[in-house]
A.B. asks: 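Submitted below is the structure of interest, expressed as structure tokens.
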Amino acid sequence: GIICRIMCRSIKTLFNFDPPASTDEVRAASVQFVRKLSGFNAPSKANEDAFNLAVERVSAAAQEMLNSLVAKAKARAAVRFGR
């Protein structure tokens with residue numbers, strides 16, 4: 001919807017990179033996403049722990065998703081091309 005078009009505009013697609021997206025690229029996208037959700041470019045000391053925890057959790061979930069998408073793409077290619 002319109003919210004994602006506004007929020008996600010600056011977050012680049014990381015799937016199907018050659019070479020695959022690095023951990024740093026996944027983390028950078030996660031920081032951008034958490035910044036958009038929280039409205040904080042840099043959180044206050046009071047919110048820093050929650051902000052950093054959110055970045056770590058989003059990074060882990062994003063990396064898990066990218067790994068799964070790559071695995072599924074490779075499995076489909078193996079079936080399609082008999083590899």
A.B. asks: When rounded to the nearest 0.5 angstrom, what distance separates CD in Q32 from CG in L37?
C.D. replies: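 Separation between the atoms: 12.0 Å.
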
A.B. asks: Give me the atom names and distance for the closest heavy-atom approach of L14 to V26.
C.D. replies: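 Closest heavy-atom pair between L14 and V26: CD1-CA, 3.7 Å.
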
A.B. asks: Between R35 and N41, is there a donor-acceptor pair closer than 3.5 Å when you use the side chain of the first and the backbone of the second?
C.D. replies: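 Here the side-chain-to-backbone pair exists.
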
A.B. asks: Would you find a donor on one side and an acceptor on the other, under 3.5 Å apart, between the side chain of T13 and the backbone of F15?
C.D. replies: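 No, T13 side chain to F15 backbone: no donor-acceptor pair under 3.5 Å.
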
A.B. asks: Taking only residues two or more places apart in sequence, or in another chain, which ones meet R27 in a salt bridge (Lys or Arg N to Asp or Glu O under 4.0 Å)?
C.D. replies: E56

A.B. asks: Report the residues that fulfil side chain to side chain contact (heavy atoms under 4.5 Å, CB included) with A54, sequence neighbours left out, ordered by chain and then residue number.
C.D. replies: V34

A.B. asks: List the atom pairs, with distances to 0.1 Å, where a side-chain N or O of residues 46-53 and a protein N or O form a donor-acceptor pair under 3.5 Å, not counting sequence neighbours.
C.D. replies:
| from | atom 1 | to | atom 2 | distance (Å) |
| --- | --- | --- | --- | --- |
| N47 | ND2 | S44 | OG | 3.3 |
| E48 | OE1 | K45 | NZ | 3.4 |
| N52 | ND2 | E48 | O | 3.3 |

A.B. asks: Do the side chain of E25 and the main chain of S22 share a donor and acceptor less than 3.5 angstrom apart?
C.D. replies: yes

